[in-house]
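Report on one structure; see the data block that follows.
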Number of protein chains: 2
Amino acid sequence: MTESTPAPGEPRVPGAREIPEATVARLPVYLRALTALADAGTATCSSEELASSTGVNSAKLRKDLSYLGSYGTRGVGYDVAYLRYQIARQIGVTQDWPVVIVGIGNLGHALANYSGFRSRGFRVVALLDADPDRQDEVVAGVDVRPFRDLDRIVREHGVAIGVIATPAVAAQNVADRMVTAGITSILNFAPAVLAVPDGVDVRKVDLSIELQILAYHEQRKTGAATDPDPLAVQGGVA
Amino acid sequence: MTESTPAPGEPRVPGAREIPEATVARLPVYLRALTALADAGTATCSSEELASSTGVNSAKLRKDLSYLGSYGTRGVGYDVAYLRYQIARQIGVTQDWPVVIVGIGNLGHALANYSGFRSRGFRVVALLDADPDRQDEVVAGVDVRPFRDLDRIVREHGVAIGVIATPAVAAQNVADRMVTAGITSILNFAPAVLAVPDGVDVRKVDLSIELQILAYHEQRKTGAATDPDPLAVQGGVA
DNA sequence: AAGAGTTTGTGAACGCAAGCACAAACTCGA
DNA sequence: TCGAGTTTGTGCTTGCGTTCACAAACTCTT
Ligand SMILES: NC(=O)c1ccc[n+]([C@@H]2O[C@H](COP(=O)([O-])OP(=O)(O)OC[C@H]3O[C@@H](n4cnc5c(N)ncnc54)[C@H](O)[C@@H]3O)[C@@H](O)[C@H]2O)c1
Ligand SMILES: NC(=O)c1ccc[n+]([C@@H]2O[C@H](COP(=O)([O-])OP(=O)(O)OC[C@H]3O[C@@H](n4cnc5c(N)ncnc54)[C@H](O)[C@@H]3O)[C@@H](O)[C@H]2O)c1
């Protein structure tokens, strides 16, 4: 769902190696750890140190980094500032990405107020909501605009990434409008499965699913299993 | 990180088959789709229908369901209500899980106000914050308590699942306190890597990481790559 | 200059997950 | 009762991700 169909044979971007999806998902974690090290004044670190501070296996870390190139020095380790820059460049966060947030309710407010955006390569250029009552408000220095302004804002700011924080019923409609406006990456917080055309990436963040996964394991730990087949409700096999 | 060491040879819960992690992560999605079907009055559905409404391959769906048992009927499909119950039972959400949220700031407020909790098997029994100024507040009918009440609340309500929505610097300390109090599953929203003892599950939700993954793919799409090796900053190889 | 110690980069083995393809098991109509 | 049509459950293949283990490449001490 994340990968758009790669042109068979030829790489999408000339000169850019193909980085495995699992590695891409870990690069931001390394980036964060390297930023912390840089802030602490550390100039150099080994794969072992970086691995333990990010909670991964050191061999996995080295293999991940090897997809970017050979940026380490044997017997020494990695130059923190240099590696940090290389990862940021690969991810594409050396410049800021303009982002719009649609649905400024409970969650939308929290997202708009989140300071971690700016420091990690993103800039909220607009907050959109369909409810006219919301549209007087100013959240974190950005004023809430009517949803119909989407096209204009996307065009003016060259927005490629959109965040959906509306109720589930509205999510597909919002996604459609985003795609029409030219957005090609969507982060979806609504508990809904979105259908989008090829070439558009969707990632979902679903709190309930995360909790339910925890509940599954929790149930196994405590051995608190419900009886295996308590009642053959309407139309059960037997 | 999610899987605690399984006793080698013997299953953790007698009579409970081992369900692959990837399948566990999809069961909540199926559950949600089945709930929607049930609400719409649909009595029966095929794997093809359920698959397309959840965005997965139908063969994968059938294989996932086969880990729970043989609950379908060939030539017919699955009984919606029956399958729904079976999935809910396997996940462990036939009864409500008591949950505490620590850190009632921007995000904590949104989480506390989130109605999707109750309807999906979870009940917020307490909101905790270290800041005394927060502790007069009542959010969504639950009043904010001092963080030091954690032990008592966990004990009184039998809480097994905790949510961390504090700043990153406080997250490890909060996690330690949770573990001490008896919590064995943690959902962490702070951008920090948590160290916990064996037997404790941690899942993290990290907005910045999700956005950075999108940015990576976006960069490849537009071909907007930074120059491959722009400057050999302090200590670069060559 | 050489040997001991350290750390990277990666070949190779292994295990998990995805998807195809089909037999088995069902329904329905004649 | 039989045959055509439908849909499940799963064996098998393929691909991806993780981990081990080690040679290559470096530093440092003597
Ligand atoms: N609040 C949470 O902590 C939380 C957690 C997980 C998931 N979610 C999900 O995030 C979404 C938002 O949750 P919330 O609690 O902020 O809900 P909310 O009702 O507080 O806010 C939704 C906002 O979206 C706006 N909206 C509705 N339809 C719209 C449309 N078509 N176009 C533009 N804006 C529209 C509404 O006016 C409202 O301001 C929901 O889907 C919810 O399930 C929320
Ligand atoms: N706001 C968002 O949308 C968002 C998005 C992604 C991630 N996050 C992360 O979620 C966390 C919370 O974000 P926020 O915007 O709500 O921050 P916030 O500063 O608004 O709220 C943090 C709350 O935690 C409380 N707190 C601090 N130390 C504590 C401790 N030791 N014990 C108990 N409570 C403590 C504070 O009093 C405050 O009320 C942060 O780590 C942030 O990076 C937030």
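Distances shown here put a side-chain N or O of Tyr78(A) below 4.0 Å from the OP1 or OP2 atom of dG9(C). Contact annotation: Ser47(A) reaches the phosphate of dT8(C) (side-chain N/O to OP1 or OP2, under 4.0 Å). At least one side-chain nitrogen or oxygen of Ser70(A) sits closer than 4.0 Å to the OP1 or OP2 atom of dG9(C).
Between Tyr71(B) atom OH and dT10(D) atom P there is a gap of 13 Å when expressed in whole angstrom units. Between the CD atom of Gln86(A) and the P atom of dT8(C) there is a distance of 17 Å, given to the nearest Å. Atom pair Leu65(A):CG and dT8(C):P shows a separation of 9 Å (rounding to whole Å applied). A straight line from CZ of Arg26(A) to P of dG17(D) spans 9 Å, rounded to a whole angstrom. Distance Glu21(A) CD to dT18(D) C1': 16 Å, rounded to the nearest Å. Rounded to whole Å, atom P of dG9(D) lies 14 Å from atom CD of Glu48(B). Distance, Leu68(B) CG to dT8(D) C1': 14 Å, rounded to whole Å. Atom NZ in Lys60(A) sits about 18 Å away from atom C1' in dT8(C), given to the nearest Å.
Side chains of Tyr114(B) and Ser208(A) form a contact here, defined as non-hydrogen atoms less than 4.5 Å apart.
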**OP:** Evaluate side chain to side chain contact (heavy atoms under 4.5 Å, CB included) for Val205(A) paired with Leu207(B), printing each intermediate quantity in order.
**Re:** CA-CA 8 Å; Val205(A) 173; Leu207(B) 172 57; 5.7 Å; no

**OP:** Report the C-alpha distance between Arg89(B) and Thr94(B) in whole Å, list the side-chain angles of each, state the deciding distance to 0.1 Å, and finish with yes or no for side chain to side chain donor-acceptor pair (under 3.5 Å).
**Re:** CA-CA 6 Å; Arg89(B) 187 174 60 80; Thr94(B) 44; over 6 Å; no

Subject >> Check against side chain to side chain donor-acceptor pair (under 3.5 Å), Thr23(A) and Asp64(A) >> reply: CA-CA 6 Å; Thr23(A) 297; Asp64(A) 282 343; 2.7 Å; yes

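Salt-bridge check for Arg32(A) with Asp206(B): passed, with a basic side-chain N closer than 4.0 Å to an acidic carboxylate O.
Between Tyr71(A) and Tyr82(A), the ring center distance clears the sub-6.0 Å criterion.
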**OP:** Classify every nucleotide of nucleotides 20-28 of chain D by which part a protein heavy atom approaches to under 4.0 Å, writing B for the base, S for the sugar-phosphate alone and - for neither, in 5'-to-3' order.
**Re:** BB--BBBS-

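Of all non-hydrogen atoms in Ala38(A) and Val80(A), the two that sit nearest each other are N-CG1, 3.8 Å.
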